[in-house]
Amino acid sequence: MHRYRTHKCNELRKTDAGKTVKISGWIHSVRDHGGVIFIDLRDHYGKTQVVINPQSKCYQELDRWRPETVACFIGKVVERIPETVNPKLETGDIEVAAEEMEILGDADVLPFQVAKEEQSPEALRLKYRFLDLRREQLHKNIIMRSQVISEIRRLLTGMGFNEFQTPILTSSSPEGARDYLVPSRVHPGKFYALPQAPQQFKQLLMVAGFDKYFQIAPCFRDEDARADRSPGEFYQLDMEMSFVTQDDIFAVLEELLPAIFNKFSTKKVDTAPFVRIPYREAMSKYGSDKPDLRNPLFMQDVSEVFANSGFNAFAAAVKNGGIVKAIKVPGIAGQPRKFYDDMIAFAQSAGAKGMAYIIWSNGEEKSPIVKFMSRAELDKLKELGNIQDGDVMFFLADKEKLVNAVGGQVRTELGNKLGLIDKNVFRFCWIVDFPMFETDEESGQIIFSHNPFSMPQGGMEALMTKNPLDILAYQYDIVCNGVELSSGAIRNHRPDVMYKAFEVAGYGPATVDERFGGMIRAFKLGAPPHGGIAPGVDRMVMLLADEPNIREVIAFPFNQQAQDLMMNAPAEVEMKQLRELRIIPLPHPLKFEKTFKDLQEEARKASVEE
RNA sequence: GGGGGCGUAGCUCAAUUGGUCAGAGUGCCACCCUGUCACGGUGGAUGUUGCGGGUUCGAGCCCCGUCGCUCCCGCCA
């Protein structure tokens, strides 16, 4: 007989009755009747009821076990009588009558219960993550994550992709997020950076002729957390392909994503091709570059109606270069007054000065603003909004950017409050035609709006002839239910176009050579046209597991302050290590550049004296 | 860096307007119980109400500060 087990805890059935078996696992729950004792023994696979009768020789050994003790039982499989069958357990037709037991791992009193899916403080859950991971829901999520990744590998390999590894210790990239830095011992004062994404490496693999690349790539960014953004590190399904257009990349994702989502969820999944929405349209209609298409509401421009109306607040907004936008909500005229007040308060908390509304009910308009408007204006609104009796329109007026931003939030709030969002579907869309450049709000300069490696639409000619702000890029996002899964782009693989693009953004060729020397050198020695995309693995699994928080699909996540409460990271290190790295930690509030320089000078003197 | 929410027993939470409010469930400990499956029953122990200060005759409750967690803004090419 095996040292620990002949069967797993989900295996035994009626047909096994009479066999002597050995099973091991955690004591999930104990029901002690004074005479007979029942134990649910749990392992990764399931649960089995163990019965200990008073005449069993292990009955006396039951001193000090607690829930979550790891134990091994030898006993005979017994078919349960019909009255005692437990239909909730896979193994509920049988039980194991224990003859011998062995404690394999003691358990102290638990900081929280494993057998109950009871909420407990996240800090505690993170500190005792190994316990939390035993709980059913989290355990299932992590297994799903494993299976999703395994399926991605299977599908992509089948589509001719090869999986690669790229360096974890690399150099700091001048663009993008804050880097995590790793000091070099061999080169004191110099630093490696952890990759924010293997962006340049995957492009170089294309230049190297590998044609189709993918990697379940760890990415490191020193930025603050959100519910859907784990600080520190996360995983991307990083992909890159040569000799492709934007449509080719879309086709791969439109095959891959429905396959994955259909396999791991029972929700209805959009079929290919996914809707494509130009960036500007997304901002204008949904007030977001990651619209949740489950929400049927959208904004429309009604500035023309109010431009000359008697409603001065709106007319003035239009005269001052702003716009008025409307969100039509069908059939909610019966909502109480409080609903409108709450929505207005919400809009104000989102940054609006106010929000107006008109209710079409029983053939007439009801609203505080109606008295300022002409019949013709009201009729025009009705026509623009294709209004039926019972419909309501909400209005926001201000500068376009603000109206879009607030309107987007109002749209989401209305969708949530009114239950307009179908929880049983996955709605995908591509956001395309991102602008190549934008104006920096502080300096007024032209800057890259996404990443400098994207190919401008129209190529060199567009860069030479068009207003930079009108140039679009072959840059796209894929969005699912309002969650941005991924950004991608057809890359700029031509050095001449690259230099020109940087010139538009105010950088000379020397800067390009200095910052992206490796890439430019590669592009000068025969680079294929290429492009790619990198869907977030954590976010995909989060959607599939129907979890509102990304930490629920990561085995060992950081908390929001980028700490690992279980491993106690980050932590101070030995003085010896710091000395080797030539690093002196400074006290936390370091307010002045001068303080820093003084300390640097002192450190220099000290090291000379040594 | 900024804003919101939360912080009462190991855990989940309650405590009316500032006045017998230091409480329940669960867990823990002890005992009882031979068919439960979240077993049941009896009894018991457990609190710096996150921390510090203030207002008050009196603070879990109000005020100020601080710490922790979380959500959001900034940030995330």
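Note that the coordinates shown come from a computational prediction; the quantities given were computed from them, not determined experimentally. Order of the sequence lines sets the chain letters (A, B, ...), proteins ahead of strands, with each chain counted from 1.
Taking atom C1' on both B:G44 and B:G53, the two are 38 Å apart, rounded to the nearest angstrom. Across B:C62 and B:C6, the matching P atoms stand 10 Å from one another, rounded to whole Å. Rounded to whole Å, the C1' atom of B:G50 lies 7 Å from the corresponding atom of B:C67. Here, B:C73 and B:C11 have their P atoms 31 Å apart, quoted to the whole Å. With P as the reference atom, B:G7 and B:U49 are 15 Å apart, rounded to whole Å. B:C21 and B:A15 are spaced 6 Å apart, taking the C1' atom of each and rounding to whole Å. The same atom, C1', is picked in B:U8 and in B:A22; the two are 9 Å apart, to the nearest Å. Nucleotides B:G60 and B:G40, compared at atom C1', are 35 Å apart to the nearest Å.
Toward the 5′ end of RNA chain B lies the nearest nucleotide of A:Pro111, the other residue of the pair A:Pro111 and A:Glu223 mapping further downstream. With the nearest nucleotide of RNA chain B identified for both A:Ala177 and A:Arg551, A:Arg551 has the one nearer the 5' end.
Under the Watson-Crick and G-U wobble criteria, each requiring two contacts below 3.5 Å, nucleotide B:C69 is paired to B:G5. In this structure B:G52 sits in a base pair with B:C64, meeting the Watson-Crick or G-U test at under 3.5 Å. Of all nucleotides present, only B:G41 satisfies the Watson-Crick or G-U wobble test against B:C31, with each distance under 3.5 Å. Under the Watson-Crick or G-U wobble criterion, with both distances below 3.5 Å, B:A14 has no partner in any strand shown.
Side-chain proximity of A:Arg178 to the nucleotides B:C11, B:C75, B:U70 is greatest for B:C75. Proximity note for A:Arg229 (side chain, C-beta onward) versus B:C71, B:U26, B:C75: the nearest is B:C75. Comparing B:U26, B:C69, B:U70 by their nearest atom to the side chain of A:Gln560 picks out B:U70.
Salt-bridge annotation for A:Lys57 and A:Glu99: absent, with no side-chain N of the basic residue lying under 4.0 Å from a carboxylate O of the acidic one.
Applying side chain to side chain donor-acceptor pair (under 3.5 Å) to A:Asp433 and the options A:Arg280, A:Gln475, A:Gln457, A:Gln246 leaves one that passes, A:Gln457. Screening A:Thr48, A:Asn86, A:Asp16, A:Val78 for a side-chain contact (heavy atoms from CB on, under 4.5 Å) involving A:Ile94 leaves a single residue, A:Thr48. A side-chain contact (heavy atoms from CB on, under 4.5 Å) with A:Met519 holds for exactly one of A:Arg491, A:His493, A:Gln200; it is A:Gln200. Among A:Lys14, A:Lys47, A:Arg13, the single residue meeting the salt bridge (Lys or Arg N to Asp or Glu O under 4.0 Å) criterion with A:Glu90 is A:Arg13.
Within the cation-pi definition used here (under 6.0 Å to the ring centroid, within 45° of the axis), A:Arg515 qualifies as a partner of A:Tyr507. At least one test fails for A:Lys202 against the ring of A:Tyr213: distance under 6.0 Å to the centre or angle within 45° of the axis.
Rounding to whole angstrom units, CG of residue A:Leu402 and P of B:C73 are separated by 15 Å. In this structure, the CZ atom of A:Arg135 is 14 Å from the P atom of B:G27, given to the nearest Å.
Contact check, A:Gln196 against B:C76: no side-chain N or O comes under 4.0 Å of OP1 or OP2. Between A:Arg125 and B:C11, a side-chain N or O to OP1/OP2 separation shorter than 4.0 Å is absent. Note on A:Gln113: every side-chain N or O is 4.0 Å or more away from OP1 and OP2 of B:C28. OP1 or OP2 of B:C71 lies within a sub-4.0 Å distance of a side-chain N or O belonging to A:Asn549.
Listed in residue order, the members of residues 469-491 of chain A having a heavy atom less than 4.0 Å from RNA chain B come to none.
The aromatic rings of A:Phe516 and A:Phe502 sit tilted, their planes meeting at an angle between 30° and 60°. Between A:His33 and A:Phe38, the ring planes lie perpendicular to each other; the angle is over 60°, past the 30° to 60° tilted range.
Across all strands, A:Asp108 comes closer than 4.0 Å to no nucleic acid atom at all (heavy-atom distances).
The local environment of CD in A:Gln445 is sparse, with at most 12 non-hydrogen atoms from other residues, nucleotides or ligands closer than 6.0 Å. Remark: A:Gln55 CD is packed, more than 12 non-hydrogen atoms of other residues, nucleotides or ligands lying under 6.0 Å away.
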* With the sugar-phosphate defined as primed atoms, P, OP1 and OP2, and the base as all remaining atoms, what B/S/- string results for nucleotides 33-40 of chain B, 5' to 3', for protein heavy atoms under 4.0 Å? -> BBBBBBB-
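No donor-acceptor contact under 3.5 Å links the side chain of A:Arg66 to the base of B:G27.
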